[in-house]
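Everything on this sheet refers to the single structure shown next.
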Amino acid sequence: MPSVAFHTLGCKVNQIETEQIKEDFIVKGYDIVSFQDKADIYIINTCTVTHISDRKSRSIIRRAIRNNPDAVVAAIGCLPQVNADELRKIEGLNIIVGNRDKANIVDIIEDYDEKKNIVMAGNITKNDKLSPVLFSNLHERTRAFIKIQDGCVSYCSYCIVPLTRGPVRSKSPEDVLAELVNLLDLGYKEIVLTGIHTGFYGIDIGNINLLGLLELILSHTNEYKYRLRLSSIEPLEVTDGLISLIKEEDKLCRHLHLPLQSGSNKVLQDMNRRYSREYYYELVLKIAETIPDVAIATDIMVGFPTEDEADFEDTFALIDTLPLTHFHVFKYSPRPATKAYNLKSLVDEKGKNYRSSQLLSLAREKSQIFIKDNLGKTKKLLVERKLDDGSFHGLTDNYLEVNFVAETDQVGDFVTVKLINVDKDNDLITGNLLEIKR
Ligand code: SAH
Ligand code: F3S
């Protein structure tokens with residue numbers, strides 16, 4: 001059978017979509033090989049959220065062509081969806097397929113005739129439903145992802161995603177449940193629910209929302225020992241019901257990812273973000289007060305065109321006052337066809353770099369405070385792997401990385417550890433094993 005190699009760029013949704021495609025190739029009997037190998041087929045699942053993502057995607061495509069000039073090379077996903085024409089210029093790239101059709105990439109490749117390159121970048125519509133994906137193999141050891149939703153129609157003024165992903169489509173609750181049970185039966189102990197606009201789960205179905213889905217899932221999986229993590233949701237979509245469910249329900253990870261983007265009301269408005277810094281402030285405090293030890297992650301963007309010095313100071317000050325714990329800092333990148341694209345920027349590249357470095361050092365301080373607050377506490381850990389020195393590595397539900405020593409192999413089990421110490425260079429905590437829970 002021909003061999004196929006994969007490379008994925010970008011978000012969690014893209015990663016899980018690659019896993020789904022990989023599964024299709026496995027079922028058909030293809031050999032999956034590493035991207036460095038000389039493969040017969042290369043599939044690059046691209047990202048276009050910033051110009052850096054574009055650049056990386058193109059460079060990986062070129063690397064595949066260099067690895068084996070005779071291979072069939074396919075670029076799929078977000079970049080083809082919005083910029084197929086630019087990709088056509090890459091000599092040696094045979095197949096360019098956007099998000100609408102990428103799930104059919106096995107068939108597309110099997111039908112491929114070497115004399116004619118394929119370009120498919122049709123519009124995504126409400127009718128492009130999400131189908132369930134049932135896995136036959138464990139891909140990673142302990143953690144698996146379910147794409148519960150795709151698409152976004154919020155049109156934040158900087159964001160290309162609504163153009164790459166189309167309108168909101170949700171996976172039916174029955175399909176989500178079937179996928180979840182399949183993954184739990186395969187032995188996964190942590191399931192992450194992901195989407196492009198996860199907080200809008202259900203709006204296209206009616207009668208169900210994210211909270212309803214979580215309640216449904218939890219009521220049907222009582223007998224399984226596992227935990228459920230939510231990927232990023234928009235601040236406006238965090239309801240009191242969701243906060244209390246996370247507080248009450250042991251299976252739900254005490255971890256929320258709430259993109260802030262900016263702490264200036266002027267910039268938030270220019271970004272079309274629909275909430276204020278005051279709203280975000282109150283929300284984060286309410287969550288932190290209600291859910292002990294909760295991890296609250298965020299995305300922040302610096303250098304949006306209308307962000308001046310005072311706006312940046314607002315962002316910095318807001319973050320400084322909040323118990324945020326994990327940070328993704330982005331430098332604004334103008335994306336063609338977005339509303340902000342033609343805005344003249346008040347800040348140059350040097351200014352953006354400066355603001356980004358300021359925020360990154362604040363971020364580091366904040367995450368270290370969070371770690372310190374957790375030391376001395378007893379936490380449940382999902383053990384992810386055994387390390388070279390024989391110790392074990394795991395993750396708490398509130399997203400802390402912990403190493404500990406144990407006599408017997410603990411990989412894939414929940415254990416209880418007391419968090420003892422932290423290695424300041426890499427934020428790695430050491431813990432003492434208290435109890436093993438199979
Ligand atoms: N809504 C999705 C994906 C949004 S893209 C989610 O749930 O995660 C992820 C992050 O990329 C955004 O939160 C934003 O901080 C960043 N981003 C989006 N467009 C950008 C741009 N044009 N320049 C820089 N960063 C951007
Ligand atoms: Fe992008 Fe805003 Fe949607 S960040 S993905 S337009 S919620």
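Quantities reported herein were computed from a predicted structural model and do not represent experimental measurements. For ligands, and for the atoms within them, numbers begin at 1 and follow the listed sequence.
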Could you name all protein N, O or S atoms found under 2.8 Å from atom 2 (Fe) of ligand 2?
C156 SG
With no hydrogens and no angle check, do the side chains of [X] and [Y] hold a donor and an acceptor under 3.5 Å apart?
X	Y	answer
T298	Y280	yes
T50	S333	no
N99	K102	yes
E278	N265	yes
D311	S264	yes

Sub-3.5 Å N/O-N/O distance, [X] and ligand 1:
X	result
Y332	no
E234	no
Q261	yes
I196	yes

Structural part of F330 in contact with ligand 1, heavy atom criterion under 4.0 angstrom:
side chain
Please state which part of D299 comes within less than 4.0 Å of ligand 1, counting heavy atoms only: side chain, backbone, both or neither.
side chain
Between S333, G195, C152, which one has a non-hydrogen atom sitting closest to atom 23 (N) of ligand 1?
S333
Counting heavy atoms only, name the option from S231, C47, S232 that's nearest to atom 6 (C) of ligand 1.
S232
More than 12 heavy atoms from other groups under 6.0 Å of [atom1] on [X]:
X	atom1	result
Q269	CD	no
K339	NZ	no
F35	CZ	yes
N426	CG	yes

Under 6.0 Å between ring centres, would you say that holds for Y42 and H7?
no
Numbering as shown, the atoms of ligand 2 that approach Y158 to under 4.0 Å (heavy-atom distance):
4 (S)
Compute the minimum heavy-atom distance from R335 to ligand 1 and say whether it is under 4.0 Å.
yes
Looking only at heavy atoms of K331, does any of them come nearer than 4.0 Å to an atom of ligand 1?
yes
Does Y226 have K189 sitting over its ring (NZ/CZ under 6.0 Å from centre, angle to axis within 45°)?
no
At a 4.0 Å threshold, what atoms of ligand 1 neighbour a non-hydrogen atom of T50?
23 (N), 24 (C), 25 (N)
Among I76, L9, I105, whose side-chain contact (heavy atoms from CB on, under 4.5 Å) with N45 holds?
I76
